[in-house]
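Computed from a predicted model, the values in this text were never measured in an experiment.
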Amino acid sequence: MGKTSVFVGEKLLEAEARCGLFALKVNNICLWQYVRYTCMVKILEEITGVETVCRGMSAVRKQKTQWEFKEWLKHQQFLAHKKDILVLNHPRRVKEGRYYRCFVTDWILENLEYSYYVYESEYGGMHYTPVRTRHLKYVNVDSIRKLVKYDEQRYKKELSDFVNKVICAFEGYCQVTLSAALKQFLCSHIFNACRELFYDRIWAGLVLKLVRPRLVIVTVGYSFFVQVMVAEAKRLRIPTVELQHARIGDTHLAYNYIYRGEIESFCDYMFVYGAYDKTAARYPILADHVIAVGYPELERKARCYVTNKIKKQTKNRRKVITFLSAPGPGEIILKYALELRKKEELKNYRMIFKLHPCEYRDWKAWYPQLEHSDLEIVSDNQHDIYYYLGHSDYVVGISSTALFEAMEFDTQIFVIKDGDYRKAEYLYQNSNACLVETVEQLAEGLLITNDKKLEKKDNKYFTTNSIQNIQKQIERLIKN
């Protein structure tokens, strides 16, 4: 890899700001803000040669069973009336006991005094069931497509001009030549986005009219569908809040802007994990609209595992090392895991290779060496990430959000100095993790900390009392 994604990402942020992409309009809509994240990620990946975000998870659609049809009917999206809050949750649920939970919103909603609806999109072509989420509605924009027709030819020339200006801007400012395949992808993505924007705006307008919320709460704010809902809510002067769901810092393209103009698709308020994410990222909103509230699900789970001393309940227990995979870094992390597994001095350690949820479906194709290895493989959502952090003595990764979450557990953290490890610099610069450059260094570090734990500094990354903080802020926004 020549240039890191951190360096190239900064150039892309400069390019979009300096070249006037936010001012470009199609059908009188400033379109770039809706397509920027996917477009810049793909450009970034081509320039660096490294995947930086989740691989696409193909949707597997199947005929609904009678039970599934009843579930869908029960959660019908337009059988709605006025509520105080409208929530767009994270559809990538994880299993806890018999039920699947939204790890971002469920614990908040269970402690909320206001009325609400939760609208959930499909994840990988399905909704996880069973769930305990109350007032749940399933999003289905296809119902709009059946009633209204989008004119594919109407904005064809505007869109073609828009695509050409976008390509010229990045090629010129970054002094690169984008491949024909990437140009075709960008063209296809932007044309499709314009069509989806047409349908999503109708859907969002209809739902907002039915629910008439006093507040809209979302997560994964860079999701195209979420962006449209946010823009429509703001147009109706309904305040909007995004709940942080993963590491942000100063490198996440979706949350960092050099451009200082208004972004209609970005929420009015950001509720972030703590002081670091409040100030590190360059959000396109007022500084006092970025509020450090904490992370309720993490706080709840960490308290449970640490208080109950899960790792000390079993006699003669083997030490557990969990490797945190992700698209791109996964290959590097797997190399370390396979080499460690061969070491005689670590033969009594359990080694778990925890795949990222977007890798579950096709991991055998992406990591052929993994299937027949001696590593324990986690390739489903039967347990959430906190189960593994709670049972691990050590975690190893490069820039995974779970490395930051591991600070809340009785767990030693190792960051591999490869790829975009700088995204985890908060950890090793604040003595919350060891930075290692080789397999030998990692093995030595594991053996040393087996006898003597590293001294961690106080963790200021996650604000405490998260539920109370969020309740207070929601009440303030609704009353004002």
Side-chain angles (χ1 to χ4, degrees), residues 1-22 24 31-57 159-193 222-224 246-259 263 280-282 284 325-335 356 358-359 362 366-367 397-401 415-425:
M1 180 180 71
K3 300 175 180 177
T4 69
S5 66
V6 173
F7 174 83
V8 176
E10 198 64 22
K11 292 291 289 184
L12 299 182
L13 293 177
E14 291 174 10
E16 65 171 358
R18 310 280 187 259
C19 299
L21 297 187
F22 288 98
L24 299 178
L31 186 60
W32 175 245
Q33 63 187 300
Y34 293 97
V35 300
R36 68 182 287 271
Y37 180 63
T38 299
C39 288
M40 289 203 297
V41 162
K42 290 301 179 182
I43 295 170
L44 180 69
E45 290 177 345
E46 177 162 291
I47 294 174
T48 62
V50 177
E51 289 182 278
T52 59
V53 295
C54 300
R55 291 175 165 117
M57 187 172 176
L159 281 168
S160 296
D161 291 342
F162 178 90
V163 171
N164 289 333
K165 288 176 182 177
V166 167
I167 291 172
C168 289
F170 286 110
E171 287 189 325
Y173 193 88
C174 300
Q175 297 184 323
V176 296
T177 299
L178 304 182
S179 68
L182 178 56
K183 290 178 181 178
Q184 180 57 45
F185 171 85
L186 297 175
C187 181
S188 176
H189 175 69
I190 291 169
F191 269 72
N192 290 339
Y222 50 89
S223 159
F224 186 85
R247 178 196 55 79
I248 294 178
D250 62 351
T251 60
H252 199 306
L253 292 175
Y255 298 98
N256 283 276
Y257 291 74
I258 291 176
Y259 174 75
I263 305 295
R282 293 155 287 177
S325 181
E331 294 180 3
I332 301 167
I333 296 164
L334 178 58
K335 175 185 173 183
H356 188 281
C358 72
E359 297 177 310
D362 299 311
W366 295 328
Y367 307 123
I398 292 179
S399 59
S400 169
T401 299
V415 176
I416 297 172
K417 189 177 180 181
D418 205 326
D420 286 321
Y421 72 95
R422 195 182 76 75
K423 292 177 179 179
E425 68 181 6

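Counting non-hydrogen atoms of other residues, nucleotides and ligands closer than 6.0 Å to NZ of Lys42 gives a total of 12 or fewer.
Leu159 is listed as a side-chain neighbour of Leu31, based on a closest heavy-atom distance under 4.5 Å.
Formation of a donor-acceptor pair under 3.5 Å by the Asn256 side chain with backbone atoms of Gly249 is found in this model. Listed for the Arg282 side chain is a donor-acceptor partner under 3.5 Å among the backbone atoms of Asp250. Of the possible polar contacts, one joining the Glu171 side chain to the Leu178 backbone as a donor-acceptor pair under 3.5 Å is found. For the pair Ser399 (side chain) and Ala424 (backbone), a donor-acceptor distance under 3.5 Å is absent.
Cys174 and Leu12 make their closest contact through SG-CD2, 3.8 Å (heavy atoms, listed as atom of the first residue, atom of the second, distance). The heavy-atom pair separating Pro284 from Ile263 by the smallest distance is CB-CG1, 3.8 Å. Closest of all the heavy-atom pairs between Glu359 and Ser325 is OE1-OG, 2.9 Å. The shortest heavy-atom contact between Tyr222 and His252 is CE2-CE1, 3.8 Å. Nearest heavy atoms, Thr251 versus Lys423: OG1-CG, 3.5 Å. Pairing each heavy atom of Ala326 with each of Tyr367, the nearest pair is O-OH, 3.6 Å.
Annotation: the span from Ile43 atom CD1 to Ser179 atom OG amounts to 10.0 Å, rounded to 0.5 Å. Here the CD1 atom belonging to Ile167 is positioned 7.5 Å from the CG atom belonging to Leu182, to the nearest 0.5 angstrom. To the nearest 0.5 Å, atoms CE (Met40) and CG (Leu186) are separated by 11.5 Å. With values rounded to the nearest 0.5 angstrom, Asn192 atom CG is found 9.5 Å from Phe224 atom CZ. Expressed to the nearest 0.5 Å, how far NZ of Lys11 lies from CD of Gln175 amounts to 7.0 Å. Annotation: the span from Phe170 atom CZ to Ile47 atom CD1 amounts to 9.0 Å, rounded to 0.5 Å.
Partners of Phe185 under the ring pair (Phe, Tyr, Trp, His ring centres under 6.0 Å) rule, at least two apart in sequence or in another chain, are His189.
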Task: Candidate pair Val415 and Glu425, rule side chain to side chain contact (heavy atoms under 4.5 Å, CB included), full reasoning - done: CA-CA 9 Å; Val415 176; Glu425 68 181 6; over 6 Å; no
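Annotation: Trp32 is not in aromatic contact with Tyr257 [ring centroid separation under 6.0 Å not met].
Counted by atom type alone, Tyr259 and Arg36 present zero donor-acceptor pairs between their side chains at under 3.5 Å.
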